[in-house]
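I have placed the structure first, in the form of structure tokens, so that the comments after it can refer back to it.
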Amino acid sequence: MANNLTSSYSGESGAIKFSDNSSAVQLVAAVRNFTVDQETQAIESTVMGTTGRTYLGGLTQFSGSADLYLIDDDMGQDSLFAAIGNNAAAIELYPSGTSTGVKLSGNVIITGHSITSNHDGMVEASITFQGSGALTKADV
């Protein structure tokens, strides 16, 4: 069976932009990877007399995470760090770069920020986020 993909992309140019609501959306430096998960609630609509359960789509949500090499003076990383405990802020995720593919965007609450330091590796930071509202997808 033939694959009908018109384009596929490498993730090596992926990017994240973030705003902590006190400044414009900033490019986040040294992104290693990110994941975005979307899901919808399944609401049971089964009625008596049927033999199989039925469901309707309910509310949707998205969440995700990202890993970065820690950069001390990067405004984007500083915004992520400062966002803990704050209201939802804008995030833009570019799986294949800011000039090709798609942009995923929405508002998120930064739910976690951790820093890892190893004697034989790079200092890394990780974030987790919970979407607030819808995740949108647009062509770049």
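Just so you know, residue 1 is the first one in the sequence shown, and it goes up from there. The structure displayed is predicted, hence computed values, not measured ones. We use all heavy atoms of the structure for the numbers below, so side chains are in, but hydrogens, waters and symmetry mates are not.
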Heavy atoms only: give me the nearest Ser132-Phe62 pair and the separation to one decimal. N-CE2, 4.3 Å
Gap between atom CG of Leu80 and atom CD1 of Ile16 - 0.5 Å precision: 7.0 Å
Between CD of Gln41 and CG of Leu59, what distance do you get to the nearest 0.5 Å? 5.0 Å
Donor-acceptor pair, distance only, cut-off 3.5 Å: does the side chain of Ser79 make one with the backbone of Met75? yes
Report, as yes or no, whether the 6.0 Å neighbourhood of atom CZ on Phe81 holds more than 12 heavy atoms from other residues, nucleotides or ligands. no
Just by distance, do the side chain of Gln77 and the backbone of Ile71 share a donor-acceptor pair under 3.5 Å? yes
Taking only residues two or more places apart in sequence or in another chain, which ones pass side chain to side chain donor-acceptor pair (under 3.5 Å) with Ser45? Thr54
Steps toward side chain to side chain contact (heavy atoms under 4.5 Å, CB included) verdict (Ile91, Val108): CA-CA 7 Å; Ile91 195 166; Val108 297; 3.6 Å; yes
Residues which pass side chain to side chain donor-acceptor pair (under 3.5 Å) with Ser105, listed by chain and number, not counting sequence neighbours: Thr136
Please enumerate all residues that pass side-chain contact (heavy atoms from CB on, under 4.5 Å) together with Leu27, with sequence neighbours excluded. Ala15, Lys17
Between Asp73 and Asp78, is the side chain to side chain contact (heavy atoms under 4.5 Å, CB included) condition met? List the steps. CA-CA 7 Å; Asp73 59 355; Asp78 288 346; 5.7 Å; no
Note, Leu68 side chain near Ser126 side chain (heavy atom, < 4.5 Å): no
Can you list every salt bridge (charged side-chain N to carboxylate O under 4.0 Å, His left out) pair that touches residues 23-33, not counting sequence neighbours? Arg32-Glu124
With sequence neighbours excluded, tell me which residues meet side chain to side chain donor-acceptor pair (under 3.5 Å) with Gln130. none
Determine, using the 4.5 Å side-chain heavy-atom cutoff (strictly less than), whether Val25 and Leu104 are members of one ILVMFWY cluster. no
Partners passing side-chain contact (heavy atoms from CB on, under 4.5 Å) against Asp37 (at least two apart in sequence or in another chain): Thr35, Ser63
Quick one: side-chain contact (heavy atoms from CB on, under 4.5 Å) partners of Thr51, sequence neighbours excluded? none
Pairs where residues 131-140 contributes a residue and the test salt bridge (charged side-chain N to carboxylate O under 4.0 Å, His left out) is met, not counting sequence neighbours: none
Under the side chain to side chain donor-acceptor pair (under 3.5 Å) definition, can you give me all pairs with a residue in residues 106-122, not counting sequence neighbours? Thr111-Thr128
What pairs meet the side chain to side chain donor-acceptor pair (under 3.5 Å) rule with one or both residues in residues 82-97, with sequence neighbours excluded? Glu92-Tyr94
Quick check against the 3.5 Å criterion: does Thr40 have a side-chain atom that pairs as donor or acceptor with the backbone of Gly58? yes
Can a side-chain donor-acceptor contact be found between Gln61 and Glu39 if the only test is distance below 3.5 angstrom? yes
Which residues pass the side-chain contact (heavy atoms from CB on, under 4.5 Å) test with Ala134, not counting sequence neighbours? none
For residues 42-68, which residue pairs pass the salt bridge (charged side-chain N to carboxylate O under 4.0 Å, His left out) check, not counting sequence neighbours? Glu44-Arg53
Would a single hydrophobic cluster contain both Phe129 and Ile84, if residues Ile, Leu, Val, Met, Phe, Trp and Tyr are joined by side-chain heavy-atom contacts under 4.5 Å? yes
Side-chain contact, heavy-atom cut-off 4.5 Å: Phe18 with Ile110? yes
